[in-house]
Protein chains: 4
Amino acid sequence: MPDGDNNGVLDARQVRTRAKLQGAMLALLAEEPFERITVRAIAEAAQVGYATFFRHYPDKGALLHDLADDEITELLGRAAPLFTADDTRGSCVALIAYVAERRALWRALLTGGAAPILRERLVDQSRVLALKLGGPPSESRSPLELRVTYATSAVLEIIAWWLREGEAMPIEEIAAILDRLVIRPTLAEG
Amino acid sequence: MPDGDNNGVLDARQVRTRAKLQGAMLALLAEEPFERITVRAIAEAAQVGYATFFRHYPDKGALLHDLADDEITELLGRAAPLFTADDTRGSCVALIAYVAERRALWRALLTGGAAPILRERLVDQSRVLALKLGGPPSESRSPLELRVTYATSAVLEIIAWWLREGEAMPIEEIAAILDRLVIRPTLAEG
Amino acid sequence: MPDGDNNGVLDARQVRTRAKLQGAMLALLAEEPFERITVRAIAEAAQVGYATFFRHYPDKGALLHDLADDEITELLGRAAPLFTADDTRGSCVALIAYVAERRALWRALLTGGAAPILRERLVDQSRVLALKLGGPPSESRSPLELRVTYATSAVLEIIAWWLREGEAMPIEEIAAILDRLVIRPTLAEG
Amino acid sequence: MPDGDNNGVLDARQVRTRAKLQGAMLALLAEEPFERITVRAIAEAAQVGYATFFRHYPDKGALLHDLADDEITELLGRAAPLFTADDTRGSCVALIAYVAERRALWRALLTGGAAPILRERLVDQSRVLALKLGGPPSESRSPLELRVTYATSAVLEIIAWWLREGEAMPIEEIAAILDRLVIRPTLAEG
DNA sequence: CTCTAATCGAGACGGTACGTCGCGTCTTACG
DNA sequence: CGTAAGACGCGACGTACCGTCTCGATTAGAG
């Protein structure tokens, strides 16, 4: 939750400023690694005073999370059925289609300089979610934690590859690959 | 290749200093993310003058690579058979056993703050290697690039998990999981 | 002259606000140097909105002058007889008695953080006044400017000392000292 | 005593840098009030990196004191005889002559923006010195503290006036005025 | 075993980004 | 519809780290 939140009521100016900052961050992420993006560059790209940045976020990481956290939650919601639905293939298509809708955002987040951070956060959230949903106390051949970590990471890797280099490949095809390479083996292991 | 290289002939003092620097880097990596490790901290931990660091490496990234590159090459050499040998299960065991031998090193590199950097470098090297070995002009169901990216990342994820949290699990077991979750599906896809 | 002046006619609210601001300034001056008093602190101490300050004064210096200028004029009016009256001793007593009446104000102004500013302004005004009154084209042993500067500064120094540390000393005594140390020598010089 | 002092042993570079900083401070003091001189301006004028300033002084006040304190001590040493010697007139001449020798320095310190700070420090030091020398337990007509405060301030005022506006006036003349206006009345009071 | 050249410890320095604070302006939401 | 609250642009602050540089003081390894 962003800083300076006044009971969720934001001045119109604040809304505008945050939108500008988030846009600037996304734009810069497409160009260089997160660590090398300076707050000054963000402020400049956002056409916003340098100090103003800190009136909204304590550091650039907070801006990234403000950007990403809602999206992560949404994505995880779409990914959960992969491992619970009967029609894994269809779930894969649905997941990829969702990412495709927000292609620009996810390309910046997953193929840009923030990828490692996003990946870590997604894996963490997946773990939390999986433990909550829990399944039966695991009589599977490998620990739940390992399977979640693996599956999340692998799904992201494949999506990232597709966003980065496989734009020519149709959604159905990448979804099928995802299904065969990751989802089915993981389910078989459970 | 490190700086100050005098035809590959190193003064005894240089050898000592570099060893100290590498040891310090490994020790620090276990505690905090690579980005937050300062050259000053490395020099201090290595009991070495600050400027001395720069006589050996242009920056801390170079030190990390000097540390890691030989290991990466070695690891890739051990990993290649996974996808070529008949006995994938045995290859998995061999790979994991190798990692286990150098547990301290690989734990620092794969579970510490440098993990994203190492991962990226390993994936890159894998791709280079795979394209060089390059099987027949691919009649497989998914692009070689994708399979390499996926497989490398997945193998690393599983090894990292094992080093981080699965120390209780015997080598054979984690190797078997690796085989079932990653290697066989990838081969099936090829 | 303060801002927002509407032909010298002030809304009752404006009068109240300015009084609050002036009171706050005086209170703060007793505690810390003028330069370190922030407009925010003044507004807060005055229980007034931050922006409201600027509706009354362009900056904190203007508030100080609004506070001080009338008093300075009054004080100078009382001080002028020192150098013109026959009974210098009585004039000294009158001057000190006047300061004593407004002890709180003058203590804040002369011994607090604004002292250097006040001193400079008083010396300036003295000079202006002296040149206006300007005796005969000076056949004295030292320049009028020097004598005025010296005398003003010295009178202030003595009054400030009395306000700061000499509260035990009766008005007559400090007045006598002032007379002997400053007034008589200055007149003898003229 | 300046910062970073290593047993009084200074690197040649440090000596150079401090000299540059002090020169820059003096130059700037001649132009604008101390409070409005920025550290950035000092560093730039001294042709020195901004951060380097802080390696030598914690703030601009410390630089000013480093500049002034030795001079203050020296000046006080020259001023002490004023109140102890038989020949007050000669002592006045000696004092003014000393100031005249270092005219540039003292003009910057006493007529520039740092004047209030210098004045305060000088008065403080005078008080310390006077209490140390401390004549007989005072049977005088006014408190020693008051006389010291007055005399120091008055001497400074007269010197400052001379440096600021009275350059045409010969040393002997201003010394005589100083003697008549301040020294003799103060001694008479003691 | 000696001498000479390299390496080293120490740390000052110019530079750049940080995050904070205060000013004075200008917009906004609310009464 | 006016006014307080406070967001904003600006720019200085003091800090941290980078990578360069100069000093002497060791110390290795060639002769």
Side-chain angles (χ1 to χ4, degrees), chain A residues 4 6 9-18 20 35-44 47-60, chain B residues 4 6 9-18 20 35-44 46-60, chain C residues 3 11 13 17 35-43 47-55 57-62, chain D residues 4 6 10-18 20 35-44 46-60:
Chain A
N6 182 22
V9 179
L10 289 189
D11 196 312
R13 289 167 291 180
Q14 295 186 46
V15 174
R16 250 182 323 220
T17 298
R18 288 189 186 178
K20 286 197 275 186
E35 304 291 350
R36 292 183 44 196
I37 296 176
T38 69
V39 174
R40 289 194 144 77
I42 298 170
E44 191 169 348
Q47 296 275 45
V48 145
Y50 173 67
T52 297
F53 178 93
F54 298 99
R55 293 190 180 106
H56 292 272
Y57 302 104
D59 53 43
K60 62 188 178 178
Chain B
N6 183 19
V9 179
L10 290 188
D11 192 314
R13 287 166 294 181
Q14 291 186 354
V15 173
R16 250 181 324 212
T17 298
R18 288 188 188 179
K20 285 197 275 187
E35 304 291 350
R36 293 182 44 197
I37 296 175
T38 69
V39 174
R40 288 193 147 80
I42 298 169
E44 191 169 349
Q47 296 275 46
V48 146
Y50 172 65
T52 298
F53 178 93
F54 297 98
R55 292 189 186 105
H56 293 271
Y57 302 103
D59 53 43
K60 64 187 178 181
Chain C
D3 208 54
D11 193 315
R13 285 168 297 181
T17 299
E35 305 289 350
R36 293 182 45 196
I37 296 175
T38 70
V39 174
R40 287 194 148 81
I42 298 169
Q47 297 276 42
V48 147
Y50 173 65
T52 299
F53 178 94
F54 295 98
R55 288 192 196 97
Y57 302 103
D59 55 40
K60 62 186 178 179
Chain D
N6 183 18
L10 290 189
D11 195 316
R13 288 168 292 180
Q14 295 187 45
V15 173
R16 243 175 304 152
T17 298
R18 289 191 185 176
K20 285 197 274 185
E35 305 290 350
R36 294 183 44 198
I37 296 175
T38 69
V39 174
R40 289 195 144 78
I42 298 169
E44 192 168 347
Q47 297 276 46
V48 146
Y50 173 66
T52 296
F53 178 92
F54 298 99
R55 293 188 181 107
H56 293 272
Y57 302 103
D59 54 42
K60 62 186 177 178

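Naming: A, B, ... by sequence-line order, numbering from 1 per chain.
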- Item | Minimum heavy-atom distance between A:G49 and A:A43, given as atom pair plus value | O-CB, 4.1 Å
- Item | Non-hydrogen atoms of D:K20 and D:Q47 that approach each other most closely | NZ-O, 3.8 Å
- For A:T52 and F:dC8, is the shortest distance between a side-chain N/O and OP1 or OP2 below 4.0 Å? no
- Message: Looking at A:E44, I'd like to know if its CD atom is crowded, meaning that more than 12 non-hydrogen atoms belonging to other residues, nucleotides or ligands lie closer than 6.0 Å.
- Response: no
- Quick tally for nucleotides 18-27 of chain E: nucleotides whose base has a protein heavy atom under 4.0 Å get B, sugar-phosphate-only ones S, the rest -, giving BBBBBBBBBB
- Message: Among residues at least two apart in sequence or on other chains, which ones pass side-chain contact (heavy atoms from CB on, under 4.5 Å) with A:R16?
- Response: A:R13
- Message: Over the length of the helix from E:dC1-F:dG31 to E:dG31-F:dC1, how much do the five-pair end axes diverge, rounded to 10 degrees?
- Response: 30°
- Item | Considering all heavy atoms, the nearest B:K60-B:I37 contact | NZ-O, 2.8 Å
- N/O (side chain, A:H56) to phosphate O (OP1/OP2, F:dC8) under 4.0 Å: yes
- Message: Taking 4.0 Å as the cut-off, does a side-chain nitrogen or oxygen of A:T17 come that near to OP1 or OP2 on F:dC8?
- Response: yes
- Message: Which label fits B:F53 and B:Y57: parallel for a plane angle under 30°, tilted from 30 to 60°, or perpendicular past 60°?
- Response: tilted
- Query: Under a 4.5 Å cut-off applied to non-hydrogen side-chain atoms, are A:Q14 and A:T17 in contact?
  - Reply: no
- Message: Quick check: on DNA chain E, is the nucleotide nearest A:A12 upstream (toward 5') of the one nearest D:Q47, or the reverse? Name the residue that is more 5'.
- Response: D:Q47
- When you match C:V48 and A:K20 each to their closest nucleotide on DNA chain F, which lands nearer the 5' end? C:V48
